[in-house]
Asks: 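The structure's right below; bear with me while I get my questions together.
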Amino acid sequence: MFLTNPTFAVNLFMMELVPRIKEIVRSVLDQHYRFSMESESVLVNETKPEFTGDYTVVLFSISKTLKLNPDTLGKELGETMMKDNPGLFEGFNVIKGFLNLVIADRILTDFLKSRYEDPAYGLRPANGRRVMVEYSSPNTNKPLHLGHLRNNFLGWSVASLYRANGYDIIKTCIANDRGIHICKSMLAWKLFANGATPESTGIKGDHFVGDYYVMFGTALKYEVALLEAGGMSREAAEKEAPLMKAAQQMLVDWEAGDPETIALWKKMNSWVYAGFDITYRRIGSDFDRVFYESETYLLGKDLVEEGLRKHVFYRKDDGSVWIDLREDGLDEKIVQRSDGTAVYMTQDIGLVVKKYEQYHMDRSIYVVADEQNYHFKVLKLICQKLQLPSAAGIFHLSYGLVELPSGRMKTREGNVVDADDIIDEMNRIAEGHTNELGKVDDFTKEERIELYDTIGLGALKFFLLRVDPKKRMVFNPDESIDFHGFTGAFVQYSYARVRSILRKEAPGKNDIDQVLPLFPLEKAMILTLEKYAGLLHTACQEMNPSLVANYAFGLAKTFNSFYVEHSVGRAESEHKKQLRIRICRLTSTVLRSSMGILGIRVPERM
RNA sequence: GGCCCCGUAGCUCAAUUGAAUAGAGCAUUUGACUACGGAUCAAAAGGUUUCAGGUUUGAAUCCUGACGGGGUCACCA
């Protein structure tokens, strides 16, 4: 670690502020108190607004171990830190167990000078490590809904976070393109469509196929009702219904490679993919590699053999293969059916191996809803027990469902917010607002359409990404997504404002060393900008784009306050003007960069 | 029922993983365009962090219990 190696001490001056403060505290404690701790575990917070200072060292745990009065420790620590690091701190104060540090203005203007022109500010150089992110993973029997959008935005954005932190990223998607659910829509099409196609009806392919899936459900319900009226139990009726039996037969035919069934399957899937492509292109989801379940569902059988040899699995009398995870606090889990076919889990293990053989990634992230927490817990455990080299890198990025005020969305019950619909609606609202304000009346038609999409889709992405992924969230279709306050449009508007200034003012050669002292909002702006690199690092470690959204909003908010308080064009002095132009330059870079990581474009004007 | 997750302002969400007087946005109320863009800014009001105990110098955060909500326990995926 260069942090603790004195030959690299010069690096301290290039470090970001918070790690730098932590390292200073660690070093002072080490040298003056013979107390050693990791610099990482020094607790440094932003100082609360009601106290004087920028960053605060929390001393309680240290003073406790050293058996010193926190006040005494704080004063000694503060004085030594000031003395050892001339120019870094302007002052300090100790209140209870808190050591509040005031960062010297000069440090901040130096930071600004060195970084304001850097378009890659905050990003890290390549580190040679590779991360795979699997996301989206749709079923090919129905169109995408709002929940899929959360998944897509999250996966895409987490991948971007890794890239920003220097990782080589591979985005993958597994299309769930086979199985009984696919057969249901195929069967319904055969029975009810009379040869209709997306082309003949003008309906987008994924919606077209989804309609037949719903139709199957409706028809099945009718059949079940008839059978129930005839005295059959519901459970039996659902099994015995002719439609259900036909669907099951179709699956058997599919697995047997029946040419007619395969041809229909290919045709209908191609319609769905054509529909998905439109939506994916629209929302900016892209993949380096798509896996198809139809190609992977037989994978994993040799691993079953291997598991049996290693006594990780065992075979029951009927031939089915199991793993006993009761010692790990879980249950017994089947990994191969008695007829020798693979189950979901087996395929997934097979795919783990296949992916690893091909890409040798250090980490493999699965963006999958939290309903599957148990599944992924088991998957990782099995891979570990099989001693697969890829096991350690498996990580389930579990996210909460998007719910309606009435509860969970269910395609079969029709209470879903369709992805295409909500995007259209957002664009319409963006169009309405834009035209009402009339600020871009000189735009061409194409420019306008692009702007509506930037704002509408941006609002939707921001809405879904600003919440901690792990948490469930509620979407109320009756209240349209906002364009004021903590929203994508707010950040975009702030960006357009900075750009508007930068179209008029360019940085001159004046140095900015004579602008001290900084006004509070100037200082707040630079401090916020300085945090960006550290924030990207944390957000990546936690795989949490909501931290980026919160940061971007905070920066935009501080900028708007700064904007109102301090004029750039009519600054009090040329030096102040140059300082503020540089603040604007870096703000523009960071707003664009942070929104970019969320997959949100920023407009020059709006 | 077993196991897992959640409960914070009227609503939607934060809280640097145990730290100072729990913060934002929306909605409500008030003020600000002869100022680089008012999709903005400044301010007010809004909280017994579901409840009851416990640990701690310090608890929304950790522990126990209750209540409420969700998920999962398939030879489905």
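To find a chain, count down the sequence lines: A is the first, B the second, and so on, and within it residues start at 1. Only heavy atoms go into these numbers, but all of them, side chains included; no hydrogens, no water, no symmetry mates.
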Asks: Using a cut-off of 4.0 Å on non-hydrogen atoms, how would the nucleic acid contact of A/V474 be classed: base, sugar-phosphate, or nothing?
Replies: sugar-phosphate

Asks: Counting only side-chain nitrogens and oxygens, does A/Y344 get under 4.0 Å of the OP1 or OP2 atom of B/rA77?
Replies: no

Asks: Taking atom P in both B/rG23 and B/rU49, what distance in whole Å separates the two?
Replies: 13 Å

Asks: Tabulate protein N/O versus nucleotide N/O from nucleotides 68-73 of chain B, keeping only pairs under 3.5 Å, one per line.
Replies:
from, atom 1, to, atom 2, distance (Å)
B/rG69, N2, A/R472, NH2, 3.3
B/rG70, O4', A/R472, NH1, 3.0
B/rG70, O2', A/R472, NH1, 3.1
B/rC73, O2', A/D331, OD2, 3.4

Asks: Over all strands shown, is A/G485 touching base, sugar-phosphate only, or nothing at heavy-atom distances under 4.0 angstrom?
Replies: sugar-phosphate

Asks: When the C1' atoms of B/rU61 and B/rU56 are compared, how many Å lie between them, rounded to an integer?
Replies: 13 Å

Asks: Categorize A/E604 for me: base, sugar-phosphate, or nothing, with a 4.0 angstrom heavy-atom threshold over every strand shown.
Replies: base

Asks: Which comes earlier along RNA chain B counting from the 5' end, the contact point of A/I334 or that of A/S546, where each point is its nearest nucleotide?
Replies: A/S546

Asks: Ignoring backbone atoms, establish whether A/R497 has a side-chain N or O less than 4.0 Å from OP1 or OP2 of B/rG38.
Replies: yes

Asks: Determine the interatomic distance between C1' on B/rC13 and the same-named atom on B/rG31; round to the nearest Å.
Replies: 28 Å

Asks: Nearest to the side chain of A/Y563, heavy atoms from C-beta on, is which of B/rA39, B/rA77, B/rC36?
Replies: B/rC36

Asks: Across all strands, who's sitting opposite B/rG7 as a Watson-Crick or G-U wobble pair, both distances under 3.5 Å?
Replies: B/rC67

Asks: For the pair made of CZ in A/R466 and C1' in B/rA14, what is the distance, rounded to whole Å?
Replies: 10 Å

Asks: For B/rA74, what is the paired nucleotide under Watson-Crick or G-U wobble rules, both distances under 3.5 Å?
Replies: none

Asks: In this structure, how many angstroms lie between the P atom of B/rC76 and the NZ atom of A/K184, rounded?
Replies: 13 Å

Asks: Taking the six-membered ring for Trp, are A/H484 and A/H433 parallel (under 30°), tilted (30 to 60°) or perpendicular (over 60°)?
Replies: perpendicular

Asks: For the residue pair A/N427 and A/E431, confirm or rule out a side-chain donor-acceptor distance under 3.5 Å.
Replies: no

Asks: Give a yes-or-no answer on whether the side chains of A/D468 and A/S546 include a donor-acceptor pair shorter than 3.5 Å.
Replies: no

Asks: Ignoring backbone atoms, establish whether A/R503 has a side-chain N or O less than 4.0 Å from OP1 or OP2 of B/rC36.
Replies: no

Asks: Classify the side-chain pair A/R178/A/Y297 by whether it contains a donor and acceptor separated by less than 3.5 Å.
Replies: no

Asks: Quick one: label A/R326 by what it contacts on the DNA or RNA (base, sugar-phosphate, nothing), any heavy atom closer than 4.0 Å.
Replies: nothing

Asks: Where the side chain of A/H484 is concerned, which of B/rG37, B/rC26, B/rA77 is the nearest nucleotide?
Replies: B/rC26

Asks: Separation of A/F475 atom CZ from B/rC13 atom P, in whole Å?
Replies: 12 Å

Asks: Each nucleotide N or O in nucleotides 15-21 of chain B that has a protein N or O under 3.5 Å away: list the pair and distance.
Replies:
from, atom 1, to, atom 2, distance (Å)
B/rU16, N3, A/N45, OD1, 3.4
B/rU17, O4, A/E542, OE1, 3.4
B/rA20, OP2, A/K48, NZ, 3.4
B/rA20, N6, A/T56, OG1, 3.0
B/rA20, N6, A/N100, OD1, 2.9
B/rA20, N1, A/N100, OD1, 3.4

Asks: Nearest whole angstrom, please: distance from the C1' of B/rC11 to the CZ of A/F486.
Replies: 15 Å

Asks: Using atom C1' of each nucleotide, how far apart are B/rA27 and B/rG69 to the nearest Å?
Replies: 25 Å

Asks: If we count only N and O atoms by modelled type, under 3.5 Å, do the side chains of A/K557 and A/S561 hold a donor and an acceptor together?
Replies: no

Asks: Sort out the partner of B/rC41 for me: Watson-Crick or G-U wobble, both distances under 3.5 Å, none otherwise.
Replies: B/rG31

Asks: Can you tell whether the side chains of A/R582 and A/E522 come within less than 4.0 Å, N to carboxylate O?
Replies: no

Asks: Rounded to whole angstrom units, what separation is found between the NZ atom of A/K557 and the C1' atom of B/rG25?
Replies: 8 Å

Asks: What residue among A/L598, A/L460, A/V367, A/I600 forms side-chain contact (heavy atoms from CB on, under 4.5 Å) with A/F153?
Replies: A/L460

Asks: Using a strict cut-off of less than 4.0 Å between a Lys/Arg side-chain nitrogen and an Asp/Glu carboxylate oxygen, indicate whether A/E40 and A/R26 qualify as a salt bridge.
Replies: no

Asks: Nearest nucleotide by nearest heavy atom, which residue falls closer to the 5' end of RNA chain B, A/D339 or A/S494?
Replies: A/S494

Asks: Between B/rG37, B/rU57, B/rG25, spot the one nearest the side chain of A/K64, thanks.
Replies: B/rU57

Asks: Using the P atoms only, state how far B/rA24 lies from B/rA15, rounded to an integer number of Å.
Replies: 14 Å

Asks: Under 30°, 30 to 60°, or over 60°: which ring-plane class applies to A/F462 and A/F486, parallel, tilted or perpendicular?
Replies: perpendicular

Asks: Base, sugar-phosphate alone, or nothing: which one does A/M606 contact when heavy atoms must sit under 4.0 Å apart?
Replies: base

Asks: With rounding to the closest Å, how many angstrom separate the C1' atoms on B/rA22 and B/rG47?
Replies: 8 Å

Asks: Which base sits across from B/rG46 as a Watson-Crick or G-U pair, both distances under 3.5 Å?
Replies: none

Asks: If we take the C1' atom in both B/rC6 and B/rG58, what is their distance in whole Å?
Replies: 26 Å

Asks: Tell me whether the side-chain N/O atoms of A/S561 come closer than 4.0 Å to OP1 or OP2 in B/rA42.
Replies: yes

Asks: Base, sugar-phosphate, or nothing for A/A496, non-hydrogen atoms under 4.0 angstrom?
Replies: base

Asks: Heavy atoms, side chains only, cut-off 4.5 Å: are A/N100 and A/T52 in contact?
Replies: no

Asks: Could you measure the distance from the CD1 atom of A/I583 to the OG atom of A/S588? Nearest 0.5 Å is fine.
Replies: 13.5 Å

Asks: Write down the distance between CZ (A/F559) and P (B/rG37), rounded to a whole number of angstrom.
Replies: 10 Å

Asks: Taking CG from A/N560 and P from B/rC36, how many angstroms apart are they, rounded to a whole number?
Replies: 15 Å

Asks: Will you find, in the side chains of A/S185 and A/N141, an N or O donor that is under 3.5 Å from an N or O acceptor?
Replies: no

Asks: Could you check which of B/rC41, B/rA39, B/rA77 has an atom nearest any side-chain atom of A/K439?
Replies: B/rA39

Asks: Is the A/H566 ring parallel, tilted or perpendicular to the A/F519 ring (thresholds 30°, 60°)?
Replies: parallel

Asks: Does B/rU29 adopt a syn or an anti glycosidic conformation, taking syn as a chi angle within 90° of 0?
Replies: anti

Asks: If pairing requires Watson-Crick or G-U wobble contacts with both distances under 3.5 Å, which nucleotide is the partner of B/rU21?
Replies: none

Asks: Taking atom C1' in both B/rA45 and B/rC26, compute the distance separating them and give it to the nearest angstrom.
Replies: 15 Å

Asks: Using whole Å, report how far CD of A/E436 lies from P of B/rU40.
Replies: 13 Å

Asks: Side-chain N or O of A/S500 versus OP1/OP2 of B/rG37: is the shortest distance under 4.0 Å?
Replies: yes

